[in-house]
Amino acid sequence: MKRRGFIKKAGLSGFLMGATGGFAFPNSIEKKKAEAFTMDFAPHFGMFKNHAPGGIIDELKFMADQGFRSFEDNGMLQRPVEVQEQIGKTLDDLGMRMGVFVIEGGDNWKVSLTTGKQEFMDTFLKTCHAAVETAKRVNAKWMTVVPGYFERRLPLGIQTANVIEAMKRGAEIFEPHGLTMVMEPLSDNPDLFLRHADQTYMICQAVGSPSCKILYDIYHMQRNEGNLIATMEKTWDEIAYIQIGDNPGRKEPGTGEINFENVFKFIQSKGFDGILGMEHGNALPGKEGELALIEAYRKVDVKG
């Protein structure tokens with residue numbers, strides 16, 4: 001056999017065996033990394049677990065390979081310090097940004113800060129201090145705040161004043177570090193105190209700190225009030241972080257009623273350079289569902 005024909009045949013054989021797990025792909029035909037998304041979408045752990053079964057670090061690497069430039073993790077504060085440090089180093093190595101994690105001291109899903117009671121204030125401020133240390137380890141800038149449930153035995157104005165005072169005290173902790181609490185109005189149940197964008201805007205205006213802003217979750221706001229673009233326009237000066245989820249179902253764009261292409265065009269027109277967290281589940285299971293999710297974001301990614 002001529003040398004040229006032998007090399008050609010050997011190369012094809014290596015490719016086929018590599019595809020079936022026999023050998024690795026030759027360097028010349030290694031899979032290339034995907035083009036980076038224009039908009040800074042941020043997945044979370046578990047979203048690509050089938051493509052990255054090796055654990056959370058493997059999953060971060062897969063996210064980067066697929067063109068994602070950021071990542072978020074609600075439960076980061078509860079992770080062991082050594083894990084936080086490992087995640088922080090990996091994000092730095094991959095050139096990725098850290099999105100939000102939740103300031104959670106155990107009082108987010110019950111009557112708490114609206115009461116004005118010192119015990120809840122103490123827990124909140126202690127958790128804020130812990131959040132500063134976690135933020136340093138993972139190079140985070142934003143942290144989600146949920147002020148808990150209504151205290152229905154108090155007038156709404158008094159509850160609001162209590163929350164404003166708590167946010168002022170939290171902002172005092174974060175300001176020296178250049179960190180930002182982002183208050184998230186939610187739709188999970190009617191007992192939650194913070195439910196609307198204008199309500200959150202009012203509180204941020206009252207606090208008057210760069211460390212207290214709005215997390216505008218498109219899924220929750222579609223459920224609670226709709227009229228997304230007009231509402232975002234009215235509250236834009238206080239919006240520092242955005243999250244995504246289609247409605248109904250809380251899955252990726254294109255699975256529900258929201259016109260994400262238009263919403264993202266609006267966000268892009270505002271010059272938003274922050275993170276858009278992918279705060280939702282996968283519509284379909286397995287690897288196919290993960291690939292469909294990536295493709296859904298490719299379809300709505302607004303080019304600059």
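Just so it is clear, the values below take in all heavy atoms, side chains as well, and ignore hydrogens, waters and symmetry mates.
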Take atom CD in Glu85; do more than 12 heavy atoms of anything else shown fall under 6.0 Å from it? yes
Looking at Lys89, I want to see if its NZ is surrounded by more than 12 non-hydrogen atoms of other residues, nucleotides or ligands under 6.0 Å.
no
Please tell me whether Phe266 and Trp236 form a close aromatic pair, meaning their ring centres lie under 6.0 Å apart.
yes
Check: Hey, quick one: are Tyr216 and Leu192 part of the same hydrophobic cluster, counting side-chain heavy atoms closer than 4.5 Å, chains of contacts allowed?
Finding: no
For side chain to side chain donor-acceptor pair (under 3.5 Å), just list the numbers for Ser70 and Asp40, CA-CA rounded to whole Å, side-chain angles, deciding distance to a tenth of an Å, and then say yes or no. CA-CA 6 Å; Ser70 291; Asp40 201 353; 2.9 Å; yes
Rounded to the nearest 0.5 angstrom, the CD-CG distance for Gln86 and Leu60 is 9.5 Å
Practice task
Treating Ile, Leu, Val, Met, Phe, Trp and Tyr as nodes and any side-chain heavy-atom pair under 4.5 angstrom as an edge, say whether Leu194 and Met181 lie in one connected cluster.
Solution key: yes
Over 12 foreign heavy atoms within 6.0 Å of NZ, Lys251: yes
Taking every heavy atom of Ala171 against every heavy atom of Val207, the minimum-distance pair comes out as CB-CG1, 4.3 Å
Is Lys117 salt-bridged to Glu119, cutoff N-O under 4.0 Å?
-> no
Looking at Lys299 and Asp301, does any basic side-chain N land under 4.0 Å from a carboxylate oxygen? no
Can you check side chain to side chain donor-acceptor pair (under 3.5 Å) on Glu72 and Tyr241, steps first, answer last? CA-CA 11 Å; Glu72 65 178 25; Tyr241 198 97; 2.6 Å; yes
* Asked: Within 45 degrees of the axis of the six-membered ring of Phe41 and under 6.0 Å from its centre: does Arg69 put its NZ or CZ there?
  -> no
| message | Does this structure show an ion pair linking Asp122 with Lys126, if we count only N-O contacts that are shorter than 4.0 Å? | response | no
Item to check | Salt bridge present between Glu233 and Lys270 (N-O < 4.0 angstrom) | outcome: yes
*asked:* Between Glu133 and Lys136, does any NZ, NE, NH1 or NH2 come within less than 4.0 Å of an OD or OE carboxylate oxygen?
replied: yes
**Q.** ILVMFWY cluster, Met278 and Leu228 together (side-chain gap under 4.5 Å)
**A.** yes
From the list Ile57, Asp58, Val138, side-chain contact (heavy atoms from CB on, under 4.5 Å) with Thr90 holds only for Ile57
For this session: State plainly whether the residues Lys110 and Asp191 are in salt-bridge range, i.e. N to O under 4.0 Å.
Result: no
Only residue of Lys287, Glu290, Glu288 satisfying side chain to side chain donor-acceptor pair (under 3.5 Å) with Asn50 is Glu290
- [ ] Might you confirm whether atom CD of Glu257 has over 12 heavy atoms from other residues, nucleotides or ligands at distances under 6.0 Å?
- [x] yes
Quick one: sort the Phe71 and Phe45 rings into parallel, tilted or perpendicular, breaks at 30° and 60°. tilted
Taking a hydrophobic cluster as the set of Ile, Leu, Val, Met, Phe, Trp and Tyr residues connected by side-chain heavy atoms closer than 4.5 Å, whether directly or through intermediates, do Leu125 and Ile164 fall within one such cluster? yes
Between Cys128 and Gly170, the two heavy atoms sitting closest are SG-CA, 4.2 Å
Among the clusters formed by ILVMFWY side chains lying less than 4.5 Å apart, do Met47 and Met98 turn up in the same one? yes
Only residue of His44, Glu104, Glu279 satisfying side chain to side chain donor-acceptor pair (under 3.5 Å) with Asn74 is Glu279
> Relative to the ring of Phe62, is the ring of Phe48 parallel (under 30°), tilted (30 to 60°) or perpendicular (over 60°)?
Replying inline: tilted
Sub-6.0 Å ring centroid separation between Tyr149 and Phe193: no
Residues Ala52 and Glu59: closest non-hydrogen pair is CB-CA, 3.5 Å
